[in-house]
**Q** 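Next up is a structure, given as structure tokens.
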Amino acid sequence: MSTSPASATISHAGRERVAETITASISPYLRPDGSYLLHNTCFTVIATLA
């Protein structure tokens, strides 16, 4: 909830509502041990000036 869009949403809708919405949206990824497993793909570009 620390990203800029989330911060703006918290200002508009409130922290509790945002937390509830996020929790509901990730509920399919809840594991039996109570943790969440989310598969994220990140891309990184490393470049140098020639």
**Q** Please report the shortest heavy-atom distance between Ser2 and Ser7, naming the atom on each side.
**A**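 So the two residues come closest at O-OG, 4.0 Å.
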**Q** Mind jotting down which residue pairs meet the side chain to side chain donor-acceptor pair (under 3.5 Å) criterion with at least one end in residues 27-37? Sequence neighbours excluded, please.
**A** Asp33-Ser35
**Q** If you count every heavy atom of other residues, nucleotides or ligands that lies below 6.0 Å from Leu38 atom CG, does the total exceed 12?
**A**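 Above 12, so yes.
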**Q** Could you list the cluster mates of Leu37? Members are the ILVMFWY residues connected by side-chain heavy atoms closer than 4.5 Å, either directly or through other members.
**A** none
**Q** Please table the atom pairs, donor to acceptor, closer than 3.5 Å between any side-chain atom in residues 15-22 and protein atoms at least two apart or in another chain.
**A**
| unit_1 | atom_1 | unit_2 | atom_2 | d |
| --- | --- | --- | --- | --- |
| Thr21 | OG1 | Arg17 | O | 2.9 |

